[in-house]
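What follows is a set of notes on a single structure, which appears directly below.
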Amino acid sequence: MTTNASPSLSLRRLAAILAVLLIAGGPQAWAGDCPERSVTVDFRFDSVFAEPAYDNSKPKSWIETRVGGNPNTRAQTETHLATNVNLGFSFLTRPDGRGVCAYLNKAHFRLGFDKIDVYIANKYPVGTCQYDTLRKHEAEHVAIARAALDKARPEIEAIMKAEAGRTAPVLAADTKAAGNAIGEALSRRFKEEWKRFEAGHGQTQKGIDTQSSYKALEALCPTW
């Protein structure tokens with residue numbers, strides 16, 4: 001059995017590093033709110049997949065509480081989804097005092113599982129038929145998580161690269177407000193994608209946790 005742990009608020013927060021370049025207004029062509037500037041965006045998309053940590057110290061009753069008290073639960077894999085957004089900007093101050101223009105110049109994204117915990121009830125010690133059977137089943141959950149991430153990464157990376165590339169400058173009262181306006185939009189778009197990934201991954205994992213799969217596992221060992 002497996003569960004997904006959504007990123008905590010601290011993991012979801014925008015880690016915006018402001019590369020501040022304040023340029024006083026000169027002979028600029030101020031068409032609209034912000035002038036066009038040639039800015040190359042430093043784009044990067046990283047994925048992470050932690051090695052699973054196996055724990056054979058917990059009683060079956062404790063593991064059952066992790067999944068709402070399901071009595072069929074003898075082992076549990078918990079994948080912890082991690083996301084991060086790290087942005088950088090340059091800024092241009094309008095000569096008429098109307099505010100500051102922010103230009104995106106760095107967009108780094110991170111997605112993956114930074115922690116994977118596998119619990120196998122301590123009534124099934126290492127080396128027993130039951131332990132080996134349960135560990136093999138949980139290893140399938142880990143493999144599904146890895147395959148899901150490998151499949152989703154190229155698509156999400158391409159989407160966020162396109163979003164970063166077409167991000168227009170934003171005019172706001174100060175550098176913080178201008179940077180936040182861009183950051184919130186990109187973070188919101190990224191969240192849409194990782195939430196879609198999270199939902200699809202969860203559904204795939206449920207495919208190997210069925211009554212028939214549990215019966216097949218039980219048949220592999222003489223007693224439970």
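The side-chain heavy atoms of T93 and T175, taken from C-beta on, include no pair separated by under 4.5 Å. Two residues are said to be in side-chain contact when any heavy atoms from C-beta on lie closer than 4.5 Å; I159 and R189 meet this criterion. At a threshold of 4.5 Å between non-hydrogen side-chain atoms, the residues K195 and E193 do not count as touching. Contact of the Y131 side chain with the K136 side chain is not registered, since no non-hydrogen atoms from C-beta on lie closer than 4.5 Å. Side-chain contact between C34 and L171 is present, with heavy atoms from C-beta onward closer than 4.5 Å.
Applying the disulfide (SG to SG under 2.5 Å) definition to pairs two or more places apart or across chains, those involving residues 158-224 are C129-C221. Judged as a disulfide (SG to SG under 2.5 Å), not a single pair has a partner in residues 40-90 (not counting sequence neighbours). Listed by first and then second residue, the disulfide (SG to SG under 2.5 Å) pairs that reach into residues 135-217 come to none, sequence neighbours excluded. Sorted by first and then second residue, the ring pair (Phe, Tyr, Trp, His ring centres under 6.0 Å) pairs with a member in residues 150-181 form an empty list; sequence neighbours excluded. Pairs engaging residues 157-218 under the disulfide (SG to SG under 2.5 Å) rule: none recorded [sequence neighbours left out]. Under the ring pair (Phe, Tyr, Trp, His ring centres under 6.0 Å) criterion, the residue pairs touching residues 204-224 are Y124-W224, with sequence neighbours excluded.
Note on D174 versus K176: no salt bridge recorded, every NZ/NE/NH1/NH2 to OD/OE distance being 4.0 Å or above. Classification of D33 and R98 as a salt-bridged pair holds, one side-chain N sitting under 4.0 Å from a carboxylate O. The existence of a salt bridge linking R188 and E163 is excluded, since no basic side-chain nitrogen approaches an acidic carboxylate oxygen closer than 4.0 Å. R74 and E138 are not joined by a salt bridge, as no carboxylate oxygen comes within less than 4.0 angstrom of a charged side-chain nitrogen.
Between I182 and A168, the closest heavy-atom pair is CD1-O, 4.1 Å. Across all non-hydrogen atoms, the minimal contact from A164 to F43 is CB-CD1, 4.2 Å. Minimum heavy-atom separation, G179 to A102: N-CB, 4.0 Å. I120 and I63 make their closest contact through C-CD1, 3.8 Å (heavy atoms, listed as atom of the first residue, atom of the second, distance). Residues A178 and F91 come closest through the heavy atom pair CB-CE2, 4.3 Å. Nearest approach of L149 to S47, heavy atoms of both residues: CD2-CB, 4.3 Å.
Residues satisfying the side-chain contact (heavy atoms from CB on, under 4.5 Å) test with K115, not counting sequence neighbours, are H80, D117. T167 pairs by the side chain to side chain donor-acceptor pair (under 3.5 Å) definition with nothing, not counting sequence neighbours. Listed by chain and number, the residues in a side chain to side chain donor-acceptor pair (under 3.5 Å) with K123 amount to none (sequence neighbours excluded). Residues meeting the side chain to side chain donor-acceptor pair (under 3.5 Å) test with E157, sequence neighbours left out: R153. For H137, the side chain to side chain donor-acceptor pair (under 3.5 Å) partners at least two apart in sequence or on another chain are H141, D209.
Cation-pi geometry between R135 and Y54 is satisfied (NZ or CZ under 6.0 Å from the ring centre, within 45° of the ring normal).
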Pair L220-T133, side chain to side chain contact (heavy atoms under 4.5 Å, CB included): steps then yes or no:
CA-CA 7 Å; L220 295 175; T133 298; 3.8 Å; yes
| message | Evaluate L111 against L81 for side chain to side chain contact (heavy atoms under 4.5 Å, CB included), listing each step before the verdict. | response | CA-CA 7 Å; L111 172 68; L81 186 66; 3.8 Å; yes
Go through the steps for F45 and R110 under the test side chain to side chain contact (heavy atoms under 4.5 Å, CB included), then give the verdict. CA-CA 6 Å; F45 194 102; R110 186 169 180 261; over 6 Å; no
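Here I208 is tied into one hydrophobic group with I144, each link being a pair of ILVMFWY side chains closer than 4.5 Å.
Using a 3.5 Å distance cut-off with no hydrogens or angles, the side chains of T73 and E64 do not pair a donor with an acceptor. Side-chain contact, H108 with N84: no donor N or O sits under 3.5 Å from an acceptor N or O.
Atom NZ of K161 is separated from atom CZ of R44 by 13.5 Å, given to the nearest 0.5 angstrom.
Checked against the 6.0 Å centroid criterion, the rings of F89 and Y103 do not qualify as a close aromatic pair.
For K60, the NZ atom counts as densely surrounded, since its 6.0 Å shell holds more than 12 non-hydrogen atoms of other residues, nucleotides or ligands.
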